[in-house]
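Both counts, for ligands and for their atoms, begin at 1 and track the order of listing. Only a predicted model underlies this, so the values are computations on that prediction, with no experimental measurement involved.
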Amino acid sequence: MTITAEPIKISDSEWEIMRVIWTKQETTAQEISEILGETMDWKPATIKTLLGRLVKKDAVYTKQAGKKYIYYPKISESKTVKSATENLFSHICAKQIGNTIAELVDEAELTEADVAKIMATLNKKETVAEVVCNCIPGQCECKHHSA
Ligand SMILES: [Zn+2]
Ligand SMILES: [Zn+2]
């Protein structure tokens with residue numbers, strides 16, 4: 001089994017399915033149905049559709065075992081989370097990333113251990129004199145563009 005590093009974009013619903021597959025490492029549509037069916041109000045057909053999309057996106061692979069199909073993750077959870085975060089940051093001005101991270105920290109529920117980890121990361125963070133805006137003129141108001 002190889003875990004691919006390719007950034008794969010998955011929808012919110014597909015993400016719910018992936019979390020079960022990541023947790024179980026191998027699972028069936030039936031098991032996913034038992035875990036998510038009631039809370040998400042999904043019919044077995046919906047789960048099969050979502051699984052089909054994940055297979056097509058190469059996020060999941062499937063093997064037939066007798067009458068059922070077993071599903072396995074093809075992408076790793078940590079890489080998928082990281083690529084989703086990078087994707088979010090690619091939609092904002094580079095100069096706004098510091099602010100956005102500060103807001104995220106402000107709004108998150110964190111333990112003392114979490115805070116200590118963030119502090120340690122900040123303490124060894126190398127800084128730059130200025131962050132360069134990477135936007136197309138007209139996409140941001142940082143005053144570095146002649147509008
Ligand atoms: Zn910008
Ligand atoms: Zn700018």
Neighbour count above 12 (heavy atom, 6.0 Å) for Glu77 CD: yes
Residue-atom pairs from the protein, N, O or S only, that lie under 2.8 Å from the Zn ion (ligand 1): Cys93 SG, Cys133 SG, Cys135 SG, Cys140 SG
Residues, nucleotides or ligands: over 12 heavy atoms within 6.0 Å of Lys48 NZ: no
Non-neighbouring partners of Glu31 that pass salt bridge (Lys or Arg N to Asp or Glu O under 4.0 Å), sequence neighbours left out: Lys24
Parallel, tilted or perpendicular: rings of Trp15 and Trp22 (30°, 60°): perpendicular
Side chain Thr28, main chain Tyr69, donor-acceptor under 3.5 Å: no
Expected output: side-chain Lys95 to main-chain Cys133 donor-acceptor under 3.5 Å: no
